[in-house]
Amino acid sequence: MSRHAKKFKFRLYVAGDAQNSAQAIANLTALCRAYLRDRHDIELVNVFREPKRALADGILMTPTLVKLSPSPAPTRIVGTLSQRQPLLQALGLEALAP
Amino acid sequence: MKPYRSPHFRTPLKAPTGILGFDEITGGGLPRNRTTLLLGGPGSGKTVFALQFLVHGARQCKEPGIFVAFEESAKRIVANAEGFGWKLSALRRKKLYFMDAQPLCDMVQSGSFDLSGMLAALGAQTKAMGARRIVFDALDVVLALLPDTATKRREVYRLHEWLLERELSGLITAKAGGDEASTISSHQFGFMQFMVDCAVILNHGVVMGVSQRNLRVQKYRGTSFDENESPFLIGTSGLEVDATRTTNRVHASVSSERVSSGVKRLDTMLGGGYYRGASVLITGFPGTAKTTLGGAFAEAACRRGERTLFVSFDSDKNEVVRDLASVGIQLARFVKNGRLRLASARTITGSAEMYLGRIKTLATEHKARCLVIDPMSTWSKSGSDSNGHSVTERLTDWSKANGITLVCTSLLDEMSGGKDGVSTMQLSTLADTWIQLSYLLQAGERNRGLSIIKSRGTAHSNQVRELILSDAGVTLADTYSAGGEVLMGTLRWEKEGAERVATEVTEVAGKLKRVRLDAEEAELGVRVKSLQVELQAKQVEKALLARTTEIHKGELSQGRTRMDELRGADVAAAGSTP
């Protein structure tokens with residue numbers, strides 16, 4: 001299926017080693033492992049280390065997940081990504097859910 | 001040993017806001033390097049207040065600032081503020097940074113999150129531009145995203161800590177429903193009010209159909225401040241707060257110089273005129289020539305070359321000029337040469353504060369030394385009485401502080417009868433001079449009477465005088481008291497006539513007597529003269545007599561000697577025998 005062949009690009013803004021950021025990283029990697037094996041790309045941005053980038057990208061809250069591709073419009077999801085169902089919906093992956 | 005001085009005291013403790021009046025209330029502005037909470041309902045002026053704080057810092061205090069916009073986009077805020085003439089676009093390059101932080105509407109929430117990202121970004125920007133002031137506009141918008149009170153509280157504390165750590169003068173605005181903001185407990189920002197060092201509440205309400213804004217400093221740690229509600233308005237250059245009375249204002253210059261009231265005999269009654277910088281109240285029923293007295297004062301001021309502002313609430317400015325010209329007060333030429341500014345305040349609508357603000361602005365623009373407000377009682381119609389009173393108080397304070405001589409007229413409502421206090425808005429107690437105009441009904445006539453009820457620091461006439469208007473001007477007539485009543489109008493004229501006749505009779509009688517006395521004097525003069533002549537004649541006669549006697553004597557002795565010679569008698573014998 002060609003739709004599944006598309007690569008997902010994510011960017012996750014985190015606040016150093018804050019607890020909710022660590023949770024978000026764990027939740028995102030778990031999700032990718034479950035549904036998007038080998039077709040995802042995660043970029044981590046530490047806002048403490050790259051505050052200018054956070055400013056330029058308009059990041060208010062951490063953790064924030066941005067889906068860069070596939071389009072349409074990039075989706076922003078804030079939080080620890082712990083509620084999987086709304087997350088999958090937001091990412092357009094609900095078809096993959098059991 | 002050097003005395004220990006905390007470094008705390010070396011830096012000024014306040015960050016001036018540049019908001020007219022607010023810095024006076026708080027004794028210098030918002031707490032420096034501390035956090036201030038600004039609460040207010042929709043449209044209460046929070047954003048303007050916050051922006052003005054930043055603009056003033058950037059322009060006057062060399063303190064660059066950051067504006068974090070949670071609600072409106074930076075673009076719209078800048079566009080809205082364009083009208084205040086703050087030149088934001090010039091400041092935006094280096095001294096003023098706008099951060100768009102509106103939460104995106106399509107943002108999805110999943111699990112807990114915090115504000116670290118924003119604070120990290122702001123930290124970088126603060127460092128880059130050396131910002132000293134920061135505004136979080138509508139923090140409630142972002143707090144609303146947080147799931148529960150505990151999280152909200154945690155994030156607010158995080159923000160507060162962040163501000164303190166960087167020693168920024170922070171201003172957080174949040175929506176609160178007007179007056180309810182005063183009751184802390186019922187409010188979701190209650191804990192913020194306890195946390196911050198200063199809390200300011202803006203109110204925007206409608207009292208009797210008139211919009212009114214006021215501001216109150218709820219708390220301010222470590223400083224004294226004016227705790228009352230102070231009205232404010234959003235003027236042409238931002239917020240203007242009307243501080244009632246603060247210690248800075250004691251320096252009102254007290255002058256003993258007199259200025260003419262424009263009516264010569266009234267000046268005499270007042271012992272030389274009004275004091276410069278005094279507040280004069282002229283009260284009376286409709287048609288008692290209040291405006292005329294105001295106009296006379298304005299004309300006299302213009303003649304002296306003083307810039308004058310005449311605010312009329314009743315009539316159009318051209319009407320004022322025409323009406324006053326009919327009683328010999330010529331204002332047209334002073335309007336033409338710019339010395340007199342007439343303003344018709346019928347066009348101003350709004351609260352008493354609005355009137356006050358407008359009048360202050362006009363007077364300042366015109367550099368007025370004399371100010372006439374006709375009539376002031378209009379104010380009491382807009383809004384509550386207490387409000388009108390406080391406005392009146394501020395007007396007199398303000399005019400005194402600026403050395404402006406203020407003449408206000410006030411209408412007494414015939415219907416309200418004895419309730420003078422209401423229509424004069426208690427200006428009567430504040431005014432330095434109070435002139436009462438009235439009608440006196442006597443012998444089927446209405447005549448205008450003028451009396452001075454009070455005049456501070458001046459000996460003044462206690463008499464009721466008749467005020468006479470004619471095309472030659474305004475004057476006061478002498479009054480005749482008869483049987484304990486002051487006579488006016490025809491009665492006065494009759495009395496005057498009678499007195500005139502009496503005077504004439506006396507005059508003629510006097511003349512007659514004088515003629516008689518003249519005659520007597522002349523007669524006596526003649527007699528004196530004839531006696532003098534007689535005296536002279538006697539004297540001559542006397543002298544003649546004396547002379548004759550002498551000659552006679554001489555001749556006698558000569559004759560004897562001759563006789564002796566002739567007889568040949570010797571000298572010795574003659575000597576020895578007398």
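The chains referred to below are lettered A, B, ... by the order of the sequence lines, with proteins before strands, and numbering in each begins at 1. Source: prediction; values computed, not measured.
- Counting heavy-atom pairs closer than 4.5 Å to chain B, the top residue among A/G79, A/G16, A/S82 is A/G79.
- Of the listed residues A/L87, A/T80, A/V47, the one with more heavy-atom pairs under 4.5 angstrom with chain B than any other is A/T80.
- Contact of B/V68 with chain A is not made at all, since no heavy-atom distance falls under 4.5 Å.
- When each of B/S116, B/A124, B/S112 is checked for heavy-atom pairs under 4.5 Å with chain A, B/S112 comes out on top.
- Contacts of B/D114 with chain A are made by both backbone and side-chain atoms, with heavy-atom separations under 4.5 Å.
- Residues A/I59 and B/M118 are not in side-chain contact: their nearest non-hydrogen atoms beyond the backbone lie 4.5 Å or more apart.
- The two residues B/A120 and A/P51 come nearest to each other via the heavy atoms O-CB, 3.2 Å.
- Heavy-atom minimum distance, B/Q109 versus A/Q83: O-OE1, 4.4 Å.
- When side chains are defined from C-beta on, B/L145 counts as touching A/M61, because their heavy atoms get closer than 4.5 Å.
- For the atom pair OG (B/S110) and CG (A/N27), the distance works out to 7.5 Å, reported to the nearest 0.5 Å.
- For the atom pair NZ (A/K52) and CD (B/Q125), the distance works out to 7.5 Å, reported to the nearest 0.5 Å.
- Residues A/L81 and B/F113 fail the side-chain proximity criterion, which asks for heavy atoms closer than 4.5 Å.
- The 12-atom threshold is not exceeded at CG of A/D17, counting heavy atoms of other residues, nucleotides or ligands nearer than 6.0 Å.
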